Amino acid sequence: MTPNNAVLTDDFGRKHNYLRISLIEKCNLRCTYCMPADGIVLSPKASLMTADEIHAIAQTFVNNGVDKIRLTGGEPLLRKDFPEIIAKLASLQTEISITTNGILINKHIEVLKQFNVKKINLSLDTLVASKFHSITLRNQFQSVIDNLHLLLNNDFKIKVNVVLIKGFNDDEIIDFIKLTEFLPISIRFIEFMPFAGNEWDRSKMVSQKEILDQVQHHFPESHVEKLEDEKNFTAREFKIKNYLGSFGIISSITNPFCDGCNRIRLTANGKIKNCLFSNSETDLLTPFRNGEAIEDLIAFAIKNKKKVRAGMTTIEDMNNPALNQDNRSMIAIGG
């Protein structure tokens, strides 16, 4: 079948070929930037997509031009039917990757290998065990480190996601980069972003400029190499000369990359978010369960995508709680 790219092309000419599917709203960590301190009200289990529904809805996207699928959460490996979901999605012949906190990787690594899921984004915000506990409220640091090395020993392609928060882990930027001297990984520094209940304010954010200032202060200028950015990039990529790995900066707030956005998000309860920051959603699961076609709904959601950050065009907009908190918490969106 020839993809109908018009369904996934917005009014700014951006073609959306990358679908991020949240499998679950639950997580086995409690990261403060992702989940409100008092938790969230979970969607009833009956309102979450089943494995068959995930496959069928994903098939509709693939028929219309999606060729990359990333599975997120919550923590996607908490789904008891994760192997079944992977097996069904593998039949779509698209690239499949996952974002995970890494705690359960060892239990699923054979399934990942079986279905050629080789690209893993691993969330790890600190290299200090005590700080890991303070931000996640769990004692799982060593499990994550062990599973990072397990993945590397099995030739997975690893990106390590580091959400930077001023006064918490911005003193570890150089330590993370030093990991890339001997490990073939990509460190991705992510600006702290506002979501419902995460107590974001601008003063906690570490900007792209501040990251690069630290890098340039520590390393000789001639050793810091700017790499070519990927098509539809989220991270601006760099590496230190002769290091095995690299590092990137995802600067959604101070230096957004919306012009080349090709991403769509599908929440665990079957709703499209056409932008991470959008407070509007389009329900696909209810009409799908009613036997209705969903292509027109998908097209409607994509056509209504704003040019920049769901219409928040300035730092002042991003700093306005009336705008930046009118959204789901991150755990209910999916990474």
Side-chain angles (χ1 to χ4, degrees), residues 5-25 33-36 40-44 47-49 53-54 57-58 60-61 64-66 69-70 72-74 99 191 193-198 200 232 234 250 252-253 256-290 292-335:
N5 292 314
V7 171
L8 297 181
T9 302
D10 67 17
D11 285 344
F12 304 98
R14 295 174 295 197
K15 293 181 171 61
H16 295 72
N17 67 312
Y18 186 4
L19 176 64
R20 300 189 182 193
I21 305 174
S22 175
L23 300 186
I24 192 169
E25 296 172 352
Y33 58 81
C34 184
M35 181 183 289
I40 65 169
V41 177
L42 297 172
S43 299
S47 71
L48 301 182
M49 295 182 291
E53 288 167 341
I54 290 168
I57 292 174
T60 302
F61 279 95
N64 287 283
V66 161
I69 294 175
R70 175 173 294 277
T72 71
T99 296
E191 287 182 343
M193 293 178 282
F195 297 100
N198 73 352
W200 183 89
N232 308 118
T234 57
I250 299 178
S252 303
I253 308 299
F257 34 81
C258 302
D259 285 350
C261 184
N262 65 336
R263 293 167 296 284
I264 322 155
R265 284 176 167 79
L266 183 64
T267 65
N269 60 349
K271 297 181 179 181
I272 293 182
K273 289 182 73 71
N274 62 18
C275 174
L276 186 59
F277 297 111
S278 177
N279 59 7
S280 63
E281 302 175 349
T282 302
D283 183 11
L284 298 186
L285 185 58
T286 300
F288 177 83
R289 287 179 172 177
N290 290 336
E292 302 169 23
I294 59 175
E295 284 91 347
D296 288 348
L297 292 171
I298 295 170
F300 174 82
I302 299 301
K303 289 292 184 186
N304 281 277
K305 184 169 183 170
K306 304 292 187 182
K307 186 174 183 180
V308 178
R309 288 182 309 215
M312 292 184 283
T313 59
T314 66
I315 292 286
E316 287 68 31
D317 289 340
M318 296 298 296
N319 208 37
N320 182 353
L323 299 175
N324 70 38
Q325 295 295 297
D326 188 17
N327 197 351
R328 296 185 184 219
S329 59
M330 187 64 197
I331 193 169
I333 297 173

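Just so it is clear, the model here is predicted, and its values are computed rather than measured.
Remark: Ser47 pairs with no residue by the side chain to side chain donor-acceptor pair (under 3.5 Å) rule, at least two apart or across chains. The side chain to side chain contact (heavy atoms under 4.5 Å, CB included) check on Glu53 picks up Met49, Thr50, Leu285, Phe288, Arg289, with sequence neighbours excluded. Under the rule for a side chain to side chain donor-acceptor pair (under 3.5 Å), the partners of Asp10 that lie at least two apart in sequence or sit in another chain are Arg14. For Asp283, the side chain to side chain donor-acceptor pair (under 3.5 Å) partners two or more places apart in sequence, or in a different chain, are Thr286. For Asp296, the salt bridge (Lys or Arg N to Asp or Glu O under 4.0 Å) criterion is met by no residue, not counting sequence neighbours.
The closest donor-acceptor contact from the side chain of Lys305 to the backbone of Asn274 lies under 3.5 Å.
Taking CG of Leu284 as the reference point, atom CD1 of Ile272 lies at 4.0 Å (rounded to 0.5 Å). Going from atom CG of Leu297 over to atom OG1 of Thr60 covers 11.0 Å, rounded to the nearest 0.5 Å. Going from atom CG of Leu19 over to atom CG of Asn64 covers 11.5 Å, rounded to the nearest 0.5 Å. Summarising the geometry, atom CG belonging to Leu266 is positioned 8.5 Å from atom CD1 belonging to Ile298; distances are rounded to the nearest 0.5 Å. The CD1 atom of Ile302 sits 4.5 Å away from the CD1 atom of Ile264 when rounded to the nearest 0.5 Å. Atom-to-atom distance recorded for Arg20:CZ and Arg265:CZ is 4.5 Å, nearest 0.5 angstrom.
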(request) Please test Arg263 against Thr234 for side chain to side chain contact (heavy atoms under 4.5 Å, CB included), starting from the C-alpha separation and ending with a verdict. (result) CA-CA 10 Å; Arg263 293 167 296 284; Thr234 57; 3.4 Å; yes
(message) Show, in sequence, the C-alpha distance, side-chain angles and deciding distance for Asn17 and Leu8, and conclude whether the side chain to side chain contact (heavy atoms under 4.5 Å, CB included) test is met.
(response) CA-CA 7 Å; Asn17 67 312; Leu8 297 181; over 6 Å; no
(message) As a quick check of understanding, evaluate side chain to side chain contact (heavy atoms under 4.5 Å, CB included) for Asn232 and Tyr18, giving each step before the final call.
(response) CA-CA 10 Å; Asn232 308 118; Tyr18 186 4; over 6 Å; no
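Nearest approach of His16 to Cys261, heavy atoms of both residues: NE2-O, 4.0 Å. Closest approach of Leu48 and Ser43 over heavy atoms only: CD2-CB, 3.8 Å. Annotation for Ala58 and Ile69: closest pair CB-CD1, 4.2 Å, computed over non-hydrogen atoms. Pairing each heavy atom of Lys15 with each of Thr9, the nearest pair is CG-OG1, 3.5 Å.
With a 4.5 Å cut-off on side-chain heavy atoms, Ser280 and Asn304 do not count as touching. Side-chain contact between Phe61 and Ile21 is absent, with no heavy-atom pair separated by less than 4.5 Å.
In Phe12, the CZ atom is crowded: over 12 heavy atoms of neighbouring residues, nucleotides or ligands sit closer than 6.0 Å.
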